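A quick write-up on the structure given underneath.
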Amino acid sequence: RKVLNAVADGADPATERKERREADTFRQLAAGWIAFKKQQGRSEVYTSRSEYRLGKLPTWFLEMKVQDIQRAHVARVRDEVDKGKSKIET
């Protein structure tokens, strides 16, 4: 019923599903940010450290769609890092 109402309001559910499937994951977003920082001329130490830290994040978080990430997910990652399940050095 919600879908029918959305279509009546001009929405396209098929396009919305396609966009959701093709949305960036956190890993893709972070990799793009690191590439952007390299283009800005940031040092190799800075970008290498960022890549290292990214690699220490839990896989389940890295593969999440950016639009789906909520505070609870970030808190869970923080807790995992705090407990040593995922270690990120600063």
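Everything quoted here is computed from the prediction, not taken from an experiment.
Taken from OG in Ser43 to CZ in Arg49, the straight-line distance is 7.5 Å, to the nearest 0.5 Å. To the nearest 0.5 Å, the span separating CZ on Arg76 from CD on Gln70 amounts to 12.5 Å. Rounded to the nearest 0.5 angstrom, Gln28 CD and Glu63 CD are separated by 8.0 Å. To the nearest 0.5 Å, atoms CG (Asp82) and CZ (Arg78) are separated by 6.5 Å. Once rounded to the nearest 0.5 Å, the distance linking NE2 of His73 with CG of Asp68 reads 7.5 Å. If you take CD1 on Ile34 and CD on Gln39, they are separated by 13.0 Å, rounding to the nearest 0.5 Å.
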Task: Verdict with supporting geometry, Thr25 and Leu62, side-chain contact (heavy atoms from CB on, under 4.5 Å) - done: CA-CA 7 Å; Thr25 62; Leu62 293 171; over 6 Å; no

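Residues Ala30 and Leu54 approach most closely at CB-CD1, 3.6 Å, considering heavy atoms.
Considering Trp33, Phe61, Trp60 in turn, Phe61 is the only one that fulfils the ring pair (Phe, Tyr, Trp, His ring centres under 6.0 Å) rule with Phe26.
Clustering of Ile, Leu, Val, Met, Phe, Trp and Tyr by side-chain heavy atoms under 4.5 Å joins Val66 with Leu29.
Looking only at distances, no side-chain donor or acceptor of Ser48 sits under 3.5 Å from a matching main-chain atom of Val45.
In this structure Lys38 satisfies the salt bridge (Lys or Arg N to Asp or Glu O under 4.0 Å) test together with Glu51, sequence neighbours excluded.
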